[in-house]
Amino acid sequence: MKGAIVQCLGDLVKSNFGNDKWEQSLETAGMSKTTFFTPIQNVDDEKVMKIIESLCKVAKISPAQAADAFGEYWVNVYAPKVYNSYFKGTNSSKELLLKMDSIHDNVTKNIPNAHPPRFEYEWKGPQTMIIKYKSNRGLIDILMGLVKGVGKYYKEDLKVTKLSSDRLQVIFPN
Ligand code: HEM
């Protein structure tokens, strides 16, 4: 997975729980506490999962809480700073979520070994969308945290429900 994900996790843990908690998370994951991540480097998926597991222990939060915190931070703090251009011209959760498939395709196009998640969209009604999640990583809970983060970004009250390990339902406000 791209180092951007780990860098964002680090920023989040440092600002919410303190520097020492991040260092402890890295050490618990079997890494040096001074490990530095750049956005475009590749980090083994296993390592990323290990870091997430460790920081749940260190910060005493559940995986679902970690997914929500990550989703909120990625969409509201990290991505607007690092990937600002993708937010230009989008004015609602619906618009941004519909752009997510092509954004992931674009942002990783020129990066060797990237395996971005891909999405398909299906409408059940004018305000009810199903997101089909296509990835071998099985991170639907993180996807859910990210979708909720998009709702926060646009100050829209989204109802997000997990239908299965690869489908989420999102109801947009009227
Ligand atoms: C402008 C905003 C965003 C950018 C630039 C972005 C970019 C990325 C990048 C570079 C990765 C790593 C891919 C890899 O290493 O192969 C990633 C992972 C991921 N992104 Fe985004 N992302 C954004 C917003 C979102 C949002 C809003 C969602 C939810 C709809 C989302 C869902 C995911 C998921 C679930 C993963 C984990 C990888 C997987 O499941 O396979 N992202 N994203």
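Both ligands and their constituent atoms are indexed starting at 1 by order of listing. The first residue of the sequence shown is numbered 1, and numbering continues consecutively from there.
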For Gly138 against Tyr133, the heavy-atom pair lying closest together: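 Looking at all heavy atoms of both residues, the closest pair is N-OH, 3.8 Å.
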State whether the number of non-hydrogen atoms from other residues, nucleotides or ligands found under 6.0 Å of [X] atom [atom1] is greater than 12.
X: Lys99; atom1: NZ; value: yes
X: Lys81; atom1: NZ; value: yes
X: Leu163; atom1: CG; value: yes

Just go through [options] and tell me whose heavy atom is the nearest to [atom].
atom: atom 42 (N) of ligand 1; options: Met1, His104, Lys2; value: His104
atom: atom 41 (O) of ligand 1; options: Ser135, Gly145, Ala4; value: Ser135
atom: atom 30 (C) of ligand 1; options: Val150, Asp101, Leu143; value: Leu143

Lys132 and Glu122, any side-chain heavy atoms less than 4.5 Å apart: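 No - every pair of side-chain heavy atoms lies 4.5 Å or more apart.
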[atom]: nearest protein contact (heavy atom, Å):
atom: atom 26 (C) of ligand 1; result: Met100 SD, 3.5 Å
atom: atom 38 (C) of ligand 1; result: Arg137 NH1, 3.3 Å
atom: atom 3 (C) of ligand 1; result: Trp74 NE1, 3.5 Å
atom: atom 18 (C) of ligand 1; result: Ile5 CD1, 3.9 Å
atom: atom 37 (C) of ligand 1; result: Leu139 CD1, 4.0 Å
atom: atom 32 (C) of ligand 1; result: Leu146 CD1, 3.3 Å
atom: atom 36 (C) of ligand 1; result: Pro117 CG, 3.6 Å

State the atoms of ligand 1, each with its element, that fall below the 4.0 Å cut-off from a heavy-atom position in [X].
X: Phe119; answer: 32 (C)
X: Phe87; answer: 1 (C)
X: Pro116; answer: 16 (O)
X: His115; answer: 16 (O)
X: Leu97; answer: 30 (C)

Tyr133 N/O under 3.5 Å from ligand 1 N/O: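 Yes, Tyr133 has an N/O under 3.5 Å of an N/O on ligand 1.
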Nitrogen or oxygen atoms of Tyr86 and ligand 1 under 3.5 Å apart: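 No, since none of the N or O atoms of Tyr86 sits under 3.5 Å from an N or O of ligand 1.
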Aromatic plane relationship, His104 with Phe119 - under 30° parallel, 30 to 60° tilted, over 60° perpendicular: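 Ring orientation of Phe119 relative to His104: perpendicular.
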Would you mind checking if [Y] and [X] are paired as a salt bridge, meaning a charged N to carboxylate O distance below 4.0 Å?
X: Asp44; Y: Lys50; result: no
X: Lys21; Y: Glu23; result: no
X: Asp45; Y: Lys47; result: no

Polar contact flag, side-chain donor to acceptor under 3.5 angstrom, Gln41-Lys2: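 Looking only at side-chain atoms, Lys2 and Gln41 do not form any donor-acceptor pair under 3.5 Å.
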Distance-only polar pair, side chains of Tyr78 and Gln7, donor-acceptor under 3.5 Å: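 The criterion, which ignores hydrogens and geometry beyond distance, is satisfied for Gln7 and Tyr78.
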